[in-house]
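Being a predicted model, the structure only gives us computed values, none of them experimental. Each ligand, and each atom within it, is numbered from 1 in the order the structure gives.
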Amino acid sequence: MIKLHKVSKSYSGFQAIKSISTTIHAGEIHGIIGASGAGKSTVLRLMNLLEIPDEGEVEVNGHTLTNLHSKELRQARKSIGMIFQHYNLVANKTVYENVAVSLELANFPRKERKSRVGECLQFVGLESLKEKYPAQLSGGQKQRVAIARALANNPQVLLCDEPTSSLDPNTTAEILSVLENINKSFGVTIVIVSHEMEVIKSICNRVTVMADGEIYDTVTIEPKRILNTDNSPKYFVEQLTKDGEMDHA
Ligand SMILES: Nc1ncnc2c1ncn2[C@@H]1O[C@H](COP(=O)(O)OP(=O)(O)OP(=O)(O)O)[C@@H](O)[C@H]1O
């Protein structure tokens, strides 16, 4: 469970987040949607203290992060994974090494690292690419590596900042399936920031709508796959030309 209690954040006098209070329930897939600049990414980054609030409390899995000293905070953060729009992989490390590095940083028992990396890569369907470098992968494959890396330390919470915004609809659907599997298989609570309504409606059980640094509303929904996954050139031409006159040349 994640609880924000009267959390505020300003940048050079500009109040980006205005005394927000909310609860994300354990086991849910929670969406955060809103216009550009509404404060979605900032709220997500406040949940693992990548951004330090000016005021208020952040509680994750029973720990009040805002009360912890740096060593305790490092420990508590092991149970919070995060993935990003641009993947944030280490360019000069292989797929295997990118996942292994998060285990090293968390002092995961050395003897068990290799098998843990293997398990995570298998879960995201990338075992056969473990010797490749990020530049040799597609966007969807890079995001799978990032997911495997986030999974490695058995997090209870996975924070996802626009995880599909650089991907085509087909690959978006695949990544959403991976996230859903993580939620169902391991009970991981997922918070997903997106400006794409289709993504939010496809996967979330509850959604927070943000505007101007505040929570406008929180709604409960029934997730329903509404993503179009047709990537064919025929479909693109049909979509471009269906509402009027067309010119093929
Ligand atoms: N590090 C920062 N320094 C200064 N201003 C910031 C910083 N981070 C965020 N902001 C400002 O805070 C506001 C909220 O930003 P945030 O990135 O959280 O919005 P968002 O809803 O995620 O937008 P987008 O969909 O465009 O990513 C914006 O006005 C932004 O310019």
Which residue and heavy atom of the protein sit nearest atom 19 (O) of ligand 1, plus the separation: Gly39 N, 3.3 Å
Do the charged groups of Arg144 and Glu174 touch, with an N to O distance under 4.0 Å? yes
Using a strict cut-off of 4.0 Å, indicate which atoms of ligand 1 neighbour a heavy atom of Phe14. 12 (O), 13 (C), 29 (O)
List every atom of ligand 1 that sits less than 4.0 Å from any heavy atom of Ala16, numbering the atoms from 1 in the order shown and giving each element. 12 (O), 13 (C)
When only distance counts, is Glu51 in polar contact with ligand 1, meaning an N/O pair under 3.5 Å? no
Atom 23 (O) of ligand 1 has as its nearest protein heavy atom Gly37 N, 2.8 Å
Considering residues, nucleotides and ligands other than Lys132, do more than 12 of their heavy atoms fall under 6.0 Å from its NZ? no
Non-hydrogen atoms of Ala35 versus ligand 1: any pair closer than 4.0 Å? yes
Closest protein heavy atom (residue, atom, distance) for atom 25 (O) of ligand 1: Lys40 NZ, 2.8 Å
What is the closest protein heavy atom to atom 18 (O) of ligand 1, and at what distance does it sit? Thr42 OG1, 2.5 Å
For atom CD of Glu55, is the number of surrounding heavy atoms from other residues, nucleotides or ligands below 6.0 Å larger than 12? no
So which atom in Ser166 and which in His86 form the shortest heavy-atom distance, rounded to 0.1 Å? OG-CE1, 3.6 Å
May I ask whether atom 30 (C) of ligand 1 is less than 4.0 Å from at least one protein heavy atom? no
Side-chain ion pair, Glu59 and Lys3, N-O less than 4.0 Å: no
Check whether any side-chain N or O of Ser21 sits under 3.5 Å from a backbone N or O of Lys6 as a donor-acceptor pair, and report yes or no. yes
Atom 22 (O) of ligand 1: closest protein heavy atom, distance to 0.1 Å, is Ser41 N, 2.9 Å
Looking only at protein heavy atoms, what sits closest to atom 26 (O) of ligand 1 is Ser36 OG, 2.5 Å
OH of Tyr11 to NZ of Lys9, rounded to nearest 0.5 Å, is 5.5 Å
for atom 6 (C) of ligand 1, nearest protein heavy atom and its distance come out as Tyr11 CD1, 3.2 Å
What one should report as the nearest heavy-atom pair of Val58 and Met47 is CG1-O, 3.9 Å
